[in-house]
**Student:** 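My structure is below; once you've seen it, I'll send some questions.
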Protein chains: 2
Amino acid sequence: MSTSDQKRELDGLDAKLLLELIEQPDATTVALAQRLSVSRNTVQARLQKLGQGTLESFQRRVSPRTMGYDVEAFMNASIRQGYDRETMKALAEIPEVLQIFATTGDADLRLTVTARSTDDLYRVNRLILDIPGIVRTSTSVVLREFLSYRTKPLLERIIE
Amino acid sequence: MSTSDQKRELDGLDAKLLLELIEQPDATTVALAQRLSVSRNTVQARLQKLGQGTLESFQRRVSPRTMGYDVEAFMNASIRQGYDRETMKALAEIPEVLQIFATTGDADLRLTVTARSTDDLYRVNRLILDIPGIVRTSTSVVLREFLSYRTKPLLERIIE
DNA sequence: AATTATTTGAACATAATGCTTCATTCACAT
DNA sequence: ATGTGAATGAAGCATTATGTTCAAATAATT
């Protein structure tokens, strides 16, 4: 039982593998193997393990912007106690709601929301406010993305 | 010149393709072709276009949690005027800073930050506060992720 | 030192890929 | 309606990758 634990932390090879894939997402197994100077079998085994649970969904690579949703916003929302489950369900039924977090701090929920325009964002905001259990919202619109999501430095730190 | 514009919006086929890839990220080109009842050439062409600019980096699929960074937090930070460029550069040099947005609202910046633990988060917070130009920060730690990033509903909306 | 886990290399049949060509269909502007 | 350019489908071919298995070598743990 102690053999293959569920959640093993990434080692150097895993990190190198992921870094390569960041550079060349469509790199073939053999290409990765020779670039990292390991056998094809090893790469194959590692990739399989990475695929099983450690890698996030492909969805992460899809940007709403591609679909014409040019506005991104963060929203704080307070919910009435006891309405949690149903409120969450209603929120999840709105396609423009991309993420829902519960966080510490004043507001109960933190949403990532997208919209086609600022006008459209207003519409989405109303949709959310109409959900029973939602008390109030405060929105901040993304003006600019100075640094887009990256984990590369963390991966590089693993190697050395 | 009007032939192939840079940013074309996704059509139904693109959306279907992406939805398939969400279900089976390692699906082969031919498998996708027969599942969508289009020719292999078409899938190949579409995937190539998607790879050129519309798809976000593979980095998005890498979760800090995989690397032992179990804490995720959002941080609002105010910056002193005129320090923008250098401050941003200093922030980007901290591996635990995953994202930087400029947003409307009280705070100037909104950061996504990760850390190994809450103690570690405190350390990262100090790193950020020590950056010249950063005036103050307010942090909210993610307690739970009710809905993890998804664009599937938006994609499905394109189809019908 | 002993045991277990991981890696390696090799082989094989099967399948996918990249690329090209070409006819056809489609969308759109004239 | 008509012409133009782009997107698609179909087919073929040489090359390359894949999945799989296995025994031996190496590394890591106890």
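Naming convention: chains lettered A, B, ... in sequence-line order (proteins, then strands); numbering from 1 in each chain.
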**Student:** Just the rounded figure in Å: distance from P of dA17(D) to CD of Gln24(A).
**Tutor:** 13 Å
**Student:** CD of Gln48(B) versus P of dG18(C): gap in Å, rounded?
**Tutor:** 9 Å
**Student:** Return whichever of Val43(B) or Ala27(A) has its heavy-atom-nearest nucleotide of DNA chain D closer to the 5' end.
**Tutor:**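 Between the two, 5'-proximity favours Val43(B).
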**Student:** Determine, for Lys152(A) against Glu23(A), whether the closest basic-nitrogen to carboxylate-oxygen distance falls under 4.0 angstrom.
**Tutor:**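 The answer is yes: the pair qualifies as a salt bridge.
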**Student:** State, to 0.1 Å, how close Gln59(A) and Ile22(B) come at their nearest heavy-atom pair, and which atoms those are.
**Tutor:**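 Where Gln59(A) meets Ile22(B) most closely, the heavy atoms are CG-CD1, 3.2 Å.
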**Student:** For the pair made of CZ in Arg35(B) and P in dA16(C), what is the distance, rounded to whole Å?
**Tutor:**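 Interatomic distance, CZ of Arg35(B) to P of dA16(C): 13 Å.
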**Student:** For dT17(C), does OP1 or OP2 lie under 4.0 Å from any side-chain N or O of Thr28(B)?
**Tutor:** yes
**Student:** Using whole Å, report how far CG of Leu13(A) lies from C1' of dA27(D).
**Tutor:**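 Taking CG of Leu13(A) and C1' of dA27(D), I get 14 Å after rounding.
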**Student:** Is a donor-acceptor contact shorter than 3.5 angstrom present between the side chain of Arg46(B) and the base of dG9(D)?
**Tutor:**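 Under the 3.5 Å cut-off, the side chain and the base do not form any donor-acceptor pair.
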**Student:** How close or far is atom P of dT8(C) from atom CZ of Arg40(A), stated in whole angstroms?
**Tutor:**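 Taking CZ of Arg40(A) and P of dT8(C), I get 13 Å after rounding.
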**Student:** Gln44(B) has an atom CD; how far is it from atom C1' of dG12(D), in whole Å?
**Tutor:**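 Rounding to the nearest Å, CD of Gln44(B) and C1' of dG12(D) are 14 Å apart.
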**Student:** Without decimals, in angstroms, what is the distance between Asn41(B) CG and dC22(C) C1'?
**Tutor:**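 Result: 11 Å.
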**Student:** Does a side-chain N or O of Thr29(B) approach OP1 or OP2 of dA16(C) to a distance below 4.0 Å, or not?
**Tutor:** no
**Student:** What heavy-atom pair brings Tyr149(B) and Pro64(A) nearest, and what distance separates the two atoms?
**Tutor:** OH-CD, 3.2 Å
**Student:** In whole Å, I'd like the distance from the NZ atom of Lys49(A) to the C1' atom of dT7(C).
**Tutor:**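 These atoms are roughly 11 Å apart.
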**Student:** Does Thr42(B) put a side-chain nitrogen or oxygen below 4.0 Å from OP1 or OP2 of dT8(D)?
**Tutor:** no
**Student:** Looking at Arg157(A) and Glu96(B), does any basic side-chain N land under 4.0 Å from a carboxylate oxygen?
**Tutor:**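 The answer is yes: the pair qualifies as a salt bridge.
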